Amino acid sequence: LLARTDFESDPLTGALVTADFEVGPSGAMEASLTLATRYHAERALDAEGRTTFDGLPTGSPMKFVVLHNTLPPTEVLVTAPAAGKSLEVEVVIPRGSRVSGRVLDAEGRPISGATVAAALPGDVFGMDDNVFREVTSGADGEFRLSGLPAPAIILRASKEGSLQSG
C-alpha cells in the first residue's frame, strides 16, 4: 500500500494503516457477522509512504484505513490477490476540512478543558463511533479541529462533571 496526499508530492509518513476483514467458518470471506471471525492488523508507513500486509486470504474483500494526526482518515476497499500474486494499492488522502467553535454550558459560559472529539459514524447508534481526533478547549471554550473528512462526522464535547454533548 502506498499513501500520499493530494496537495504534496512527497510520500506520506507518520501514518498508521489498519486492515480489517472477516472470515467465516468455512474459511471463506463473508459479509455477514454470523459466525464470522474478524481480523484486524496495523502497520506504520515507512519513509517512502509504503507498508505491506502479507498472508491475507486470497480473494477476500478488505478495508484499509489510513490514519494520520493532521489528515482525514481515508478508507479504501480492495480484494486480496490470488496466492503468490501482489497488489499495489495507492491511497490519495485529501487535506480535509476544518471546524472551530466554542464549548459553552447551559448558561452560555465557556467551558475550558473540555475534550472535543471528532468521530466517524459507526454501525450501532453512538456505540461504535470511530473517534479519530481529539482536542481540548481553551480558557475561552474555543477549539479547532482540522483534517476532517467529508461529508459527515460526529462532534462530541465532554468534561468531567458536565453532561456530554453530541
Side-chain angles (χ1 to χ4, degrees), residues 1-100 115-136 143-158 164 166:
L1 184 133
L2 169 65
R4 64 177 182 80
T5 64
D6 67 353
F7 54 91
E8 291 181 358
S9 60
D10 295 334
L12 181 66
T13 59
L16 180 69
V17 180
T18 65
D20 292 288
F21 55 95
E22 296 177 358
V23 176
S26 67
M29 292 299 297
E30 295 183 1
S32 166
L33 297 178
T34 308
L35 299 175
T37 301
R38 287 184 171 192
Y39 289 93
H40 176 84
E42 297 179 351
R43 305 278 188 279
L45 292 177
D46 64 18
E48 296 176 352
R50 296 181 179 276
T51 194
T52 303
F53 291 87
D54 295 318
L56 300 171
T58 61
S60 59
M62 296 173 292
K63 176 174 77 171
F64 292 105
V65 180
V66 180
L67 302 167
H68 190 274
N69 62 352
T70 63
L71 299 169
T74 305
E75 290 184 7
V76 62
L77 301 174
V78 299
T79 301
K85 301 287 184 183
S86 64
L87 174 68
E88 177 78 17
V89 176
E90 183 174 2
V91 181
V92 179
I93 301 170
R95 184 182 308 264
S97 301
R98 286 179 250 183
V99 66
S100 60
T115 299
V116 180
L120 297 173
D123 296 324
V124 182
F125 180 73
M127 301 300 290
D128 64 341
D129 296 338
N130 181 15
V131 173
F132 62 89
R133 185 129 329 114
E134 290 183 342
V135 295
T136 302
F143 69 90
R144 175 179 289 248
L145 289 160
S146 60
L148 303 176
I153 60 165
I154 297 167
L155 287 180
R156 285 198 184 93
S158 62
Q164 177 176 307

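Computed from a prediction, not measured in an experiment: that's the story for all the values here.
- Applying the side-chain hydrogen bond (donor to acceptor under 3.5 Å, both in side chains) rule to Arg4 yields the partners Glu90; only residues at least two apart in sequence or on another chain are considered.
- Every residue two or more places apart in sequence or in another chain was checked for a ring pair (Phe, Tyr, Trp, His ring centres under 6.0 Å) with Phe143, and none qualifies.
- Using a 4.5 Å cut-off on side-chain heavy atoms (C-beta onward), Thr13 and Leu45 make no contact.
- The line from CG of Leu12 to CZ of Arg50 is 12.5 Å long, rounded to the nearest 0.5 Å.
- For Glu75, there are no side-chain hydrogen bond (donor to acceptor under 3.5 Å, both in side chains) partners, not counting sequence neighbours.
- A salt bridge does not link Arg156 with Glu134: every distance from a Lys NZ or Arg NE/NH1/NH2 to an Asp or Glu carboxylate oxygen is 4.0 Å or more.
- To the nearest 0.5 Å, atoms CG (Asn69) and CG (Leu67) are separated by 10.5 Å.
- Minimum interatomic distance between Arg95 and Pro72 (heavy atoms only, all atoms of both residues): O-CD, 3.5 Å.
- Residues that satisfy the side-chain hydrogen bond (donor to acceptor under 3.5 Å, both in side chains) test with Thr70, not counting sequence neighbours, are His68.
- Looking at heavy atoms from C-beta onward, Leu1 lies in side-chain contact with Val66 at the 4.5 angstrom threshold.
- The shortest non-hydrogen separation linking Thr18 to Phe53 is C-CZ, 4.5 Å.
- Here Leu148 contributes atom CG and Ile153 contributes atom CD1; the two are 4.5 Å apart, rounded to the nearest 0.5 Å.
- Annotation for Glu48 and Leu2: closest pair O-CD1, 3.6 Å, computed over non-hydrogen atoms.
- The minimum heavy-atom distance between Leu145 and Ala118, with the atom names listed, is CD1-CB, 4.1 Å.
- A pairwise comparison of heavy atoms in Gly147 and Pro73 identifies O-CD, 4.4 Å as the closest pair.
- Among all heavy-atom pairs drawn from Thr74 and Val92, the shortest one is CG2-O, 4.0 Å.
- For Phe132, there are no ring pair (Phe, Tyr, Trp, His ring centres under 6.0 Å) partners at least two apart in sequence or on another chain.
- Judged as a side chain to side chain contact (heavy atoms under 4.5 Å, CB included), and not counting sequence neighbours, Pro11 has no contacts.
- Checked by atom type and distance alone, the side chain of Arg98 never pairs as donor or acceptor with a backbone atom of Arg144 at under 3.5 Å.
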